[in-house]
Amino acid sequence: MVSVPIRLRHIFLYLLLSLPIVLSAQLNIILEQIPENTPNQDSIFLAINFNNWKPGDPNFRFKRNQEGLPEITLSNPPKNLEFKITRGDWKKVESNQGGWAISNRTFTYTQPTTLRLRVKGWEDLMRQVSMDSLYLIVEAVPNSTPKDASLYVVGNFNEWNPSHPRCEMKRTPDNTFTIAMPIWQDTILYKYTRGSWETVEGKKSGRARSNRIYIAQENGPHIIRDEIKSWEDLNAQPVNLYSLILLLAAFLGLLLILAINTLQQNNTAANRTLSWLIFVLSVALLTRVSTYDRDFFNRFSKLHIVSDYLYFLYAPLFLQYIQKLLRPERKRTFISWLHFLPFLIHVALYMPFWTMSAYDFRLGIVNNSFLPIFHTTGGIALIYNIAYWFWCLKIISKYREDAQHFQAHTPNIQFLNTVMTLKAIGISLWLATYLVGAYAKYEQIPLNQITDFTADSAWAIFSLTVYTLGYFAMRQPEIFKLPEASQPEDEPEKIVTETEQKNWQEWMDKVEHLMQSEQPFLNPKLTLPDLAEKLHTNVHTLSKVINEGFGKNFNDFVNSYRVEEFKRRVLIEPYKNQTFLAIALSVGFNSKTAFNRSFKKLTEITPREYIKQQSPQEDIS
């Protein structure tokens, strides 16, 4: 008896045990569905990356299984598979439902399995049965269009191939371009090119235009008449007014950061937050404008999403700015940083965009694949900004009431009112964009030109915030400074002397003489710094004189002179034919409400009751 060495027996046993694994290393591919117009006499083949992409290799022909479905078995396939289904020729390769070319199928093989597929169409057999046709007619092209140019339509129906031979339009004798193609989906996104993405159509201004949209209805005819406004590569107006507004605002913002941080008596806490606010706004404006350029977008396409980060960053920064500007004594806590939590979540949500390839990102932007994410985050951000707007309005309104204890008119109020008005207009346009878009989707009508206009207008309005800051920085720089009255108590007074502090009566006489001789209270915008400048003193000294000497706050002090002047004028002949409001405005009040409130506070009666007391015989209507 011949003995087998132990090592050989081990090898034989290992091969025996591995045999079922080797035999089972296979992949079954079953075609669960093929187009109804597939010829019965045609065989179906698999063109795959490890058979040199032969479209009619007999070793890769599908055979009917017991269920009557085409099936093929691949033994020991490689891990990474790339393939297509054909009918024996590349002219007879599979396609999408409309007959347009599709990308190669891919599959990663890890273990024995069955892959079930569906073939939706064949490129050589476009489905004509129960399928309407869409007729595209280009009635006008830009004057710069080359006379021998060929026009193509590119869209989600041909995987955005800008020069697909079946998408070339026919030129008619009247110099229009036409094409007919089957409708196989409800929503069609498309653009026109001259054969490449470098020669794609643009807006009239020369900027890149969004995709055209056609939503197919049940009943035809499906005819679209378009006009091409410009070609991106032949645009003679590289800079338009809209881009110029945003660019200048961005650069002005960067200059403002330097300007407000170099002011003397700089309000450091508030201006630091304002600087960050201006910086993020300027960066958002720059990135938004830069992506309108086709070459720049192709190189740095992911900058397209940088401007979106402003959604959850602008509102909390502005809130903290007005809090530091109007409530400098308020201490900052950890809760203040929680305002930026939505921004951090937004950054995390957009992180996959930064990790994907530049090509996939550009394709997703062009094909509007990311619109659900952009629209959802934008909608949440809209509600978020509306809430913060009302929050800021509440703080400003409270400050307006408290300001009566310090001055009758404050430049901060006018400044913040202007900015809040711009924000309200911008948010309203932002809301209009969503409302119009929702209406268009509900009614299934393309209104993307209107939504583009409202969105661009909203950005233009937000850019005006920078111009507003620049205006007030030149006209009223005290907004960005610390008020003199809020200087630390341990700081030495430069103007107030011990003699002046003891002789309140002398200062009171000076103030009364000025108020009676020059009547500065007639100016409705009179402020404490204005009056201090007229008296050649500082705000701190004047505030003490009014508060301790006259026993009033600045607002009541000035309004007392206005009330007395009103009482004098209302009884003399030149003013008897004027209304109470007209006389009140002439003596320095800026509104009917302010006048009535101050008159009642200082006299404990209403203006009408006062007139009745002075003229009891007259019937005051």
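As the structure is a prediction and not an experimental result, all values here were calculated from the model.
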Before we go on, tell me: are the rings of Trp391 and Tyr388 under 6.0 Å apart, centre to centre? yes
Do Leu234 and Pro146 have side-chain heavy atoms sitting under 4.5 Å apart? yes
Measure the spacing between CG of Leu344 and CG of Leu313 and express it to the nearest 0.5 Å. 9.5 Å
Does any N or O in the side chain of Thr176 come within less than 3.5 Å of the main-chain N or O of Thr172, such that one atom is a donor and the other an acceptor? no
With ring-ring contact (aromatic ring centres under 6.0 Å, His included) as the criterion, how do Phe177 and Tyr192 come out once you've worked through the C-alpha distance, each side chain's angles and the decisive distance to 0.1 Å? CA-CA 11 Å; Phe177 295 83; Tyr192 296 107; 9.2 Å; no
Side-chain donor-acceptor pairs under 3.5 Å in residues 370-382, sequence neighbours left out?
{"residue": "Thr376", "atom": "OG1", "partner": "Pro372", "partner atom": "O", "Å": "2.7"}
{"residue": "Thr377", "atom": "OG1", "partner": "Tyr350", "partner atom": "OH", "Å": "3.2"}
{"residue": "Thr377", "atom": "OG1", "partner": "Ile373", "partner atom": "O", "Å": "2.9"}
{"residue": "Thr377", "atom": "OG1", "partner": "Phe374", "partner atom": "O", "Å": "3.1"}

Would you check if the side chain of Asn385 reaches a backbone N or O of Ile427 as a donor-acceptor pair within less than 3.5 Å? no
Output yes when a side-chain donor or acceptor of Asn156 lies under 3.5 Å from a complementary backbone atom of Leu189, and no otherwise. yes
To the nearest 0.5 Å, atom CG of Leu281 lies from atom CG of Leu317 at 10.5 Å
Just one of Leu310, Leu429, Val289 clears the side-chain contact (heavy atoms from CB on, under 4.5 Å) bar with Trp459, so which one? Leu310
Within a reach of under 6.0 Å around CH2 of Trp389, are more than 12 heavy atoms found that belong to other residues, nucleotides or ligands? yes
Backbone N/O of Ala249 and side chain of Tyr467: donor-acceptor pair under 3.5 Å: yes
Main chain of Phe157, side chain of Asn96: is a donor-acceptor contact present, judged purely on distance under 3.5 Å? yes
Could you check whether any side-chain N or O of Asn158 sits under 3.5 Å from a backbone N or O of Gly155, counting only pairs where one atom can act as donor and the other as acceptor? yes
Identify the heavy atoms of Ser463 and Leu246 that sit nearest to each other, and give their distance. OG-CD1, 4.1 Å
Using every non-hydrogen atom in the two residues, find where Ala315 and Tyr384 come nearest and quote the distance to one decimal. CB-CE2, 4.2 Å
With a 4.5 Å limit on heavy-atom distance, are the side chains of Leu422 and Phe462 in contact? no
Quick one: closest heavy-atom pair of Trp53 and Trp90, and the distance? O-CZ2, 3.3 Å
Side chains of Trp231 and Ser144: do they bring a donor and an acceptor to under 3.5 Å? no
Is the shortest side-chain heavy-atom distance between Pro162 and Thr199 below 4.5 Å? no
For Val119, is there any backbone N or O sitting under 3.5 Å from a side-chain donor or acceptor partner on Glu94? no
Taking everything shown except Tyr439 itself, do over 12 heavy atoms lie less than 6.0 Å from its OH? no
For Val154 and Trp197, run side-chain contact (heavy atoms from CB on, under 4.5 Å): C-alpha distance rounded to whole Å, both residues' side-chain angles, the deciding distance at 0.1 Å, then the answer. CA-CA 10 Å; Val154 53; Trp197 282 116; 3.9 Å; yes
Glu201 and side chain to side chain donor-acceptor pair (under 3.5 Å): which partner among Lys229, Arg212, Lys191, Arg194? Arg212
Inter-residue atom distance His222.NE2 - Tyr135.OH, 0.5 Å rounding: 10.0 Å
Between atom OG1 of Thr108 and atom CD of Glu82, what is the distance when rounded to the nearest 0.5 Å? 11.0 Å
So how far is it from Arg225 CZ to Thr178 OG1, rounded to the nearest 0.5 Å? 10.5 Å
Which heavy atom in Ser163 sits nearest to a heavy atom in Gly195, and how many Å separate them? CB-O, 3.2 Å
Any donor-acceptor N/O pair, Asn65 side chain to Glu67 backbone, under 3.5 Å: yes
Taking all non-hydrogen atoms of both residues, which atom of Ile72 and which atom of Phe62 are closest, and how far apart? CG2-CE2, 3.4 Å
Quick one: pull up CD1 in Ile213 and CD1 in Ile188 and give me the separation to the nearest 0.5 Å. 11.5 Å
With a 4.5 Å cut-off on side-chain heavy atoms, are Leu81 and Thr106 touching? no
Decide whether Thr73 and Gln26 meet the rule of one side-chain donor and one side-chain acceptor closer than 3.5 Å. no
Cationic N near anionic O, under 4.0 Å, Arg171 to Asp148: no
Give a yes or no on whether the ring-centroid distance for Tyr214 and Tyr190 is below 6.0 angstrom. no
Sub-3.5 Å donor-acceptor pair from the side chain of Thr454 to the main-chain atoms of Ala432, do we have one? no
Is any side-chain heavy atom of Trp354 closer than 4.5 Å to one of Ile305? yes
Would you say the ring centroid of His346 lies under 6.0 angstrom from that of Tyr309? yes
Heavy-atom side-chain proximity of Asp89 to Pro55 below 4.5 angstrom: no
Does the side chain of Asn211 come within less than 4.5 Å of Trp160's, by heavy atoms? yes
Work out which heavy atom in Pro316 is nearest to a heavy atom in His339; give both atom names and the distance. CB-CB, 3.7 Å
Looking at Ala47, is its backbone amide N or carbonyl O close enough to the side chain of Lys84 to form a donor-acceptor pair, meaning the two atoms are under 3.5 Å apart? no
Heavy-atom side-chain contact between Ile85 and Leu46 under 4.5 Å: yes
